[in-house]
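Here's the structure we're looking at; comments come further down.
Only this structure's heavy atoms are used, side chains among them; waters, hydrogens and symmetry mates stay out. The chains referred to below are lettered A, B, ... by the order of the sequence lines, with proteins before strands, and numbering in each begins at 1. In this text the structure is predicted, and so the values were computed from the model without any measurement.
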Amino acid sequence: MVRYVLRRLLFTIPVLFGVSLVVFLVVRLAPGDPAKVMAGEHASLEFIEAMRVRWGLDRPLYVQYGIWLSRVLRGDLGLSIATKAPVLQEVLERFPATLELSLVAMVFATVFGMAAGILSAVRQYSLFDYLAMVGALIGISVPVFWLGLMLMLFFGLSLDLLPISGRLDPGITLRTITGLYLLDALLTRNGKAFVNALAHLVLPGIALGTIPMALIARMTRSAMLEVIRQDFIRTERAKGLPERLVIYRHALQNALIPIVTVIGMEFGLLLGGAILTETIFAWPGLGRYTVDAVYARDYPAIQGAVLFIACVFVVVNLVTDILYAYINPRIRYR
Amino acid sequence: MRSIESIAEALRLLCRNRAALVGLVILGVYVFVALFPWLLAPNDPLKRDLALRYRPGFWAGKEFARFPLGTDYLGRCVLSRILWGTRTSLLVGVIAVSISTGLGMFLGLLSGYFGGWVDMVLMRVVDVLFAFPSILLAITIMAALGPGLEKAMIAIGIVYTPQMARVVRSVTLVIREMEFIEAERALGASHARIIWYHILPNTLPPVVVYATLGVAGAILDAAALGFLGLGAMPPAPEWGAMLSGSHKALTSGAWWAVAFPGLAIMTAVLGLNLLGDGMRDLLDPRLRM
């Protein structure tokens, strides 16, 4: 197991190098003088020259990459054109918002997706199975931003049940410790803020969680069906074990391997979906930051945010792979 | 002649799968609309009239039948824009997937057939592209290229290339080891000949499945880029772009300007997913979901 983890870690290094190269090249592919691109459209001539010197933009391309990478590795992602603040600081400030939203969406997707998948498999070809699978198919076909808008329309505007933008109402105060508002509210025993933060999470959480929920439901169903047909399940039933135990203890445990993989993969993909969800619900996270940076042609911010999200994505995939190997020993010896 | 028969056979099998048949019908309707939007659209999709902005559609009464699905913030006919937008969205999907299929097959065949360092290098490139969530990669490429529909096609084409390359590579790895390939080699066939005449045709079935599902994903991503204002440029009718500025429509109570373009996207993607799933079941019943 240790050897597998080490090997998997080593594989990650060239991928991260590749990612950094792609992010580096984005600025070079952008039209115009790279020093001007990095300094912003309205920068003074001196500032543009300062950028040229700072990032070595008059040197050959591979030297530029070297300079850039060595700065990035030391945590220097440059200054945002829009705010003049260090990009790393801005990215770190916004990350907890995205993390909290993604975690809530994932919990929602896992609980409802697995429940629907198990029930569908146990009652294969029943009305529930049929409806759940049609629902799942619609779920994977719906544009996430449109779903967000529709939720906003029904529950936010028409029924006026739930807040449709931001993380907290303006009147609510909360001392931030981790940046995850639910956790902070618990830590500071602030019940009012907890309820308010949770209410703000409902609609974006559902919007973001629906596609993963549909995929988890489909995967759970097919994995369960495969296990239920196997001989050992027939043996369990033959020896008189209650159906509940057969399904939840024996069948589900064996079906978990592919389900965990899908959950891990989906969690990484949520980071992508968050870009659109955050834009709709004015969620002050990394996704919205990235989109705003693209609008403003704030290339240092684009680079920093994309690099950060891609690294998180790689780490999530790494953890998924290791978890997969842990619960499925066969994979380790390949 | 044989290939026509086998296509007919495949279609017959596909039609027995009810879900795939529904998908095929939905797709057929969309293709028809994309080919002949002027036959169906009641109004000019670009004609604006600010006096008619945010008018509701047929549900509001007979006098509103002129704009069956209402009008948008510039008083343009929502239905006509959706119908004309079908052309754009299907075209983006098909062109983007053609790019990814061409590139992906090329890389996958090379990688799988030759193995060794070619495989090593190409698959590391694929790994790197897989390290980005797809819409993030598309947005990043758009940030470099600048907005526009053609650029969106290229960006989405690149985004879907790694997936196709992996699929083709895995099939190639299996076919390469088969005896008939060895026989060809013994007969003195060149690498190019073996790849073109013997390996490539065998990779086509999974490629068709993934391309179909890929068009669904590409339409969603193109709509997302349009929604963000990075894809199709106004005033061109495009489903995603019709949804950018939805906040204003929603707060004005004009739900129809938001609901219907989204339904059009969802139905198209649903049809392609149904068809793709059906074809996958046909090719490999073990993968049935």
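For a residue to count as touching a neighbouring chain, one of its non-hydrogen atoms must lie under 4.5 Å from one of that chain's; by this rule B/D127 touches chain A with backbone and side chain alike. Using a 4.5 Å cut-off between heavy atoms, A/V22 contacts chain B through its side chain alone, with no backbone atom that close. For A/L137, the parts lying near chain B are the backbone and the side chain together; criterion is any non-hydrogen pair under 4.5 Å. A/I140 touches chain B through backbone and side chain together, each having a heavy atom under 4.5 Å away. There is no contact between B/A216 and chain A, counting heavy-atom distances below 4.5 Å. Only the side chain of A/I302 comes within less than 4.5 Å of a heavy atom of chain B; its backbone N, CA, C and O stay farther away. No part of A/L270 comes within reach of chain B, as not one of its non-hydrogen atoms sits under 4.5 angstrom from that chain. Both the backbone and the side chain of A/V19 come within less than 4.5 Å of a heavy atom of chain B.
The shortest distance between side-chain heavy atoms of B/V128 and A/F17 does not fall below 4.5 Å. Within the 4.5 Å cutoff, the side chain of B/F130 has no heavy atoms near those of the A/V15 side chain. Side-chain contact between B/L263 and A/M150 is absent, with no heavy-atom pair separated by less than 4.5 Å. In this structure the side chain of A/L276 reaches within 4.5 angstrom of the side chain of B/L228, judged on heavy atoms.
Atoms CG and NE2, from A/L153 and B/H247 in turn, are 11.5 Å apart once rounded to the nearest 0.5 Å. Taken from CD1 in A/I275 to CD1 in B/I139, the straight-line distance is 4.5 Å, to the nearest 0.5 Å.
Between A/L149 and B/L243 the shortest heavy-atom distance is CD1-O, 4.5 Å. Contact between B/V258 and A/W146 at its shortest, heavy atoms only, is O-NE1, 2.9 Å.
Judged by distance alone, the side chain of A/Y299 and the main-chain N or O of B/A144 form no donor-acceptor pair under 3.5 Å.
When each of B/I135, B/L220, B/L145, B/L129 is scored by its heavy-atom pairs under 4.5 Å with chain A, the top score falls to B/L220. Comparing A/V142, A/L21, A/V314 by heavy-atom pairs within less than 4.5 Å of chain B, the highest count is held by A/V142. Among A/L271, A/L147, A/I280, the residue with the largest count of heavy-atom pairs under 4.5 Å with chain B is A/I280.
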**Request:** Under the side-chain contact (heavy atoms from CB on, under 4.5 Å) rule, what do A/I138 and B/M266 come out as? Steps first, then yes or no, please.
**Result:** CA-CA 8 Å; A/I138 292 174; B/M266 194 179 79; 3.9 Å; yes
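Heavy atoms from other residues, nucleotides or ligands lying under 6.0 Å from CH2 of B/W117 number 12 at most.
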